[in-house]
Amino acid sequence: QVQFVESGGGLVHAGGSLRLSCAASGFTFSSRVMSWYRQAPGKEREVVAVISSSGTTTNYADSVKGRFTISRDNAKNTVFLQMNSLKSEDTGVYYCAGGFGTWGQGTQVTVSS
């Protein structure tokens, strides 16, 4: 079965950094485009970053461009999201996805000013 386990979230002050990890299983990880989404309370889930199967191409939401970096380790079936210069509006639950319509438990990111 397809599964995702997100980790690395926490409470940080504005300007701080976090590195999120997502351990994936149940499919051929190296063949899939992977993404990070986030959802703030009362808001729709939104895509934050996308990475190609090989890891050579990435795309970011305008709101995080220049601050976040998505990467992957295909040998370890893991995708990462490095988040720098965090802002209060980055607060939310972060999820990874591989195009299967399934989600892990997510990891909470809270940024205080």
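A quick note: this is a predicted structure, and the numbers were derived from the prediction, not measured. Just so you know, residue 1 is the first one in the sequence shown, and it goes up from there.
- Following chains of ILVMFWY side-chain contacts shorter than 4.5 Å, one can reach Phe68 starting from Leu20, so the two form part of one hydrophobic cluster.
- Taken to the nearest 0.5 Å, the CZ atom of Phe80 stands 5.0 Å off from the OG atom of Ser21.
- In this structure, Lys65 NZ and Ser63 OG are separated by 9.5 Å, a value rounded to the nearest 0.5 Å.
- Using a 4.5 Å heavy-atom threshold, the side chains of Tyr60 and Thr69 count as touching.
- From Ser54, atom OG reaches atom CG of Asn74 across 8.0 Å, with rounding to the nearest 0.5 Å.
- Residue Val64 is grouped with residue Val12 when hydrophobic side chains (ILVMFWY) are merged at heavy-atom distances under 4.5 angstrom, including chains of intermediate members.
- Hydrophobic clustering of Ile, Leu, Val, Met, Phe, Trp and Tyr side chains at less than 4.5 Å, counting indirect connections, keeps Val50 apart from Met83.
- Within the 3.5 Å criterion, the main-chain N or O of Gln39 finds no donor-acceptor partner in the side chain of Arg45.
- A heavy-atom distance below 4.5 Å is found between the side chains of Gln3 and Gln1.
- Thr110 places no side-chain N or O within donor-acceptor distance of the main-chain N or O of Leu11, the cut-off being under 3.5 Å.
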With side-chain contact (heavy atoms from CB on, under 4.5 Å) as the test, would you mind laying out the steps for Arg67 and Ser85 before giving the verdict? CA-CA 6 Å; Arg67 301 186 297 118; Ser85 302; 4.0 Å; yes
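- A donor-acceptor contact shorter than 3.5 Å is absent between the side chain of Trp36 and the backbone of Ala97.
- Between the side chain of Thr102 and the main chain of Phe100, no donor-acceptor pair closer than 3.5 Å is present.
- Leu18 has its side chain within reach of Leu86: a pair of non-hydrogen atoms, C-beta onward, lies under 4.5 Å apart.
- For the pair Gln105 (side chain) and Glu6 (backbone), a donor-acceptor distance under 3.5 Å is present.
- Remark: the Thr91 side chain and the Glu89 side chain contain no N/O donor-acceptor pair separated by less than 3.5 Å.
- Taking hydrophobic clusters as Ile, Leu, Val, Met, Phe, Trp and Tyr residues chained together by side-chain heavy-atom distances below 4.5 Å, Tyr94 shares a cluster with Val111.
- Ion pairing of Asp90 with Lys87 is absent here, as no side-chain N (NZ or NE/NH1/NH2) approaches a carboxylate O to less than 4.0 Å.
- When atom types are taken as modelled, the side chain of Arg72 and the backbone of Phe29 share a donor-acceptor pair closer than 3.5 angstrom.
- For the pair Arg38 and Tyr95, the NZ or CZ position fails the cation-pi test of under 6.0 Å to the six-membered ring centre and within 45 degrees of the ring normal.
- The distance from the CD1 atom of Ile51 to the OG1 atom of Thr57 is 8.5 Å, given to the nearest 0.5 Å.
- The side chain to side chain donor-acceptor pair (under 3.5 Å) search around Ser31 returns none, not counting sequence neighbours.
- If you check the side chains of Asp73 and Thr78, you find no donor sitting under 3.5 Å from an acceptor.
- Phe4 and Val93 sit in two unconnected hydrophobic clusters of ILVMFWY residues. Membership requires side-chain heavy atoms under 4.5 Å apart, directly or through other members.
- With rounding to the nearest 0.5 angstrom, the SG atom of Cys96 is 4.5 Å from the CE atom of Met34.
- Rounding to the nearest 0.5 Å places CG of Leu81 at 8.5 Å from OG of Ser71.
- In this structure, the side chains of His13 and Ser113 stay at 4.5 Å or more apart for every pair of heavy atoms.
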